[in-house]
Amino acid sequence: MKQKTLFYCTECGNEMPKWAGRCPACGAWNTIVEQPAEKTASKGSRAHPAAPGGVRRACPVTELTSDEEIRFPTGMGELDRVLGGGAVKGSLVLVGGAPGIGKSTLMLQICSKLCEFSRVLYVSGEESEHQLKLRARRLHVDSPNLLVISETSLEDMLDSIRLETPDVVIVDSIQTLYNPALESPAGSISQVKECTMALMQLAKGQGITVFVIGHVNKEGSIAGPKVLEHMVDCVLYFEGDRHTSYRILRAAKNRFGATNEIGVFEMQDEGLAEVENPSQMLLSGRPDDAPGTCVACVMEGARPVLAEVQALVVTTASGGNPRRTSNGFDYNRAAMLLAVLEKRGGLKVSACDAYLNIIGGLWLDEPAADLAAVVALASSYLDRPVPGDLVAIGEVGLTGELRTVSQLPLRIREAQRLGFRRCVIPAHRALDARAFGDMELLAVRNIGEAIRAALRPRE
Ligand code: TYD
Ligand code: MG
């Protein structure tokens, strides 16, 4: 009998009867793969045991206890911050990221702290026990409470867990784990879903905290963490520019906290170091006196972070269509700001190519970064630099007006702490300038005033 196959998107897990170049559900290109259709409720799978004794009774909510969830620190303040104040006992955390970004390093490093008060089982399908030992030595992780095993079979891993009774399990990675009862290969959609489901039951059933590493890959040959996002408690993405040593950890989903905090790390010779002062890192290497750059201040969770916005505006080659790209900044928002610059600022940017880039791998999705983007674009267009000690904070409206933003004093103080002396802000807000000492507040009403206040006059 011919085996039945189905087509899946490796980005979002969408199922379809025939192949397509682009997934109709998530819109990703070249992510559709053909895989054998799994029979539902596969026999021999221990992941879905039948409920014993027939139907289970539901429980009145009044009879349930409402203890706060139990949290514990991971020893990495930046990770704890992203998790919402430590890891929650019995939760499943998915850590996604591109290969080589530092996921295994981060997970092995937190074992140091975790092993002080719990037993940790590190299951690796990527490296041998010997390789893990070498890596642990490099990271100075050394504890009899850290158990490592090189394993790829789901069943054998569950047996090891039963035997060793750890408090924390780390699975590296979900794409190497497989259930032999399924026909599809490790890394396929059905395998990663099945294995994650089994790990989820382990977390909920036995109160074991599970960290699962998942590779994000652009080729779409293996199923990425996106497919699993809806199943797990927390999804963290570890990101960073391959060419720099800085890494940013952010939460895409968190059942036990907010998703707006970021953690910043630097990859060093002996593992990841926490960067407690991300503004300083994001601003290091900023060019002096070059047109086309302006510093913004955005809130990442409760923390104000300064980031450099760079813009390049050049006349489009005659006959060509203007090119626009943005990196780390919403494309449509950038297009809107360009249109406002044209109509309200009087700059003929429609005849220009425009490129916008946020330094350091940060993603600025807060309207408070609008003004810095506008100033950077105008600075490049007019070829006039912004003074190095100036930040611009404010949302830009469609009529070119500046709108105030939340937490303005907090942002100004962060800029002041890092040595900035001038701050362009929306004029609507009554701020007591004396509260900011030697920081000069340049209150402006619209982008025209902002550009005049922020750009150096031509010599
Ligand atoms: P790794 O944690 O193996 O990445 P992932 O698990 O996400 O694939 O990190 C791999 C990179 O980090 C590798 O290029 C080497 C580098 N690295 C350091 O620079 N310092 C270190 O202490 C360690 C362990 C790795
Ligand atoms: Mg790894």
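Reckoned from all heavy atoms, side chains included, excluding hydrogens, waters and symmetry mates. Remember, it's 1-based here, ligands and their atoms both numbered in the order they're listed.
- Between M107 and C111, the closest heavy-atom pair is O-SG, 3.4 Å.
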What side-chain donor-acceptor pairs closer than 3.5 Å can you find for residues 92-103, not counting sequence neighbours?
residue	atom	partner	partner atom	Å
K103	NZ	G97	O	3.2
K103	NZ	A98	O	2.9
K103	NZ	H215	ND1	3.3

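- In terms of modelled atom types and a separation under 3.5 Å, the side chain of T196 and the main chain of V192 share a donor-acceptor contact.
- The backbone N or O of C352 lies less than 3.5 Å from no partner atom in the side chain of R323, so there is not a single donor-acceptor pair.
- For Y8 and N14, the side-chain atoms include no donor-acceptor pair closer than 3.5 Å.
- K193 contributes no side-chain N or O that, together with a main-chain N or O of M231, makes up a donor-acceptor pair within less than 3.5 Å.
- The only option from R456, R421, R422 that meets the salt bridge (charged side-chain N to carboxylate O under 4.0 Å, His left out) definition with D389 turns out to be R422.
- Residues of the protein with a heavy atom under 4.0 Å from ligand 1 are A98, P99, G100, I101, G102, K103, S104, T105, R135, R138, L139, M267, Q268, D269, E270, G271, listed by chain and number.
- Within the sub-2.8 Å shell of the Mg ion (ligand 2), the protein contributes these N/O/S atoms: S104 OG.
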Donor-acceptor contacts, no H, no angles, side chain residues 292-307, under 3.5 Å, sequence neighbours left out:
residue	atom	partner	partner atom	Å
T293	OG1	E308	OE2	3.1
R303	NH2	E78	OE1	3.4
R303	NH2	I262	O	2.8

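- There is a side-chain donor-acceptor pair under 3.5 Å between S190 and S184.
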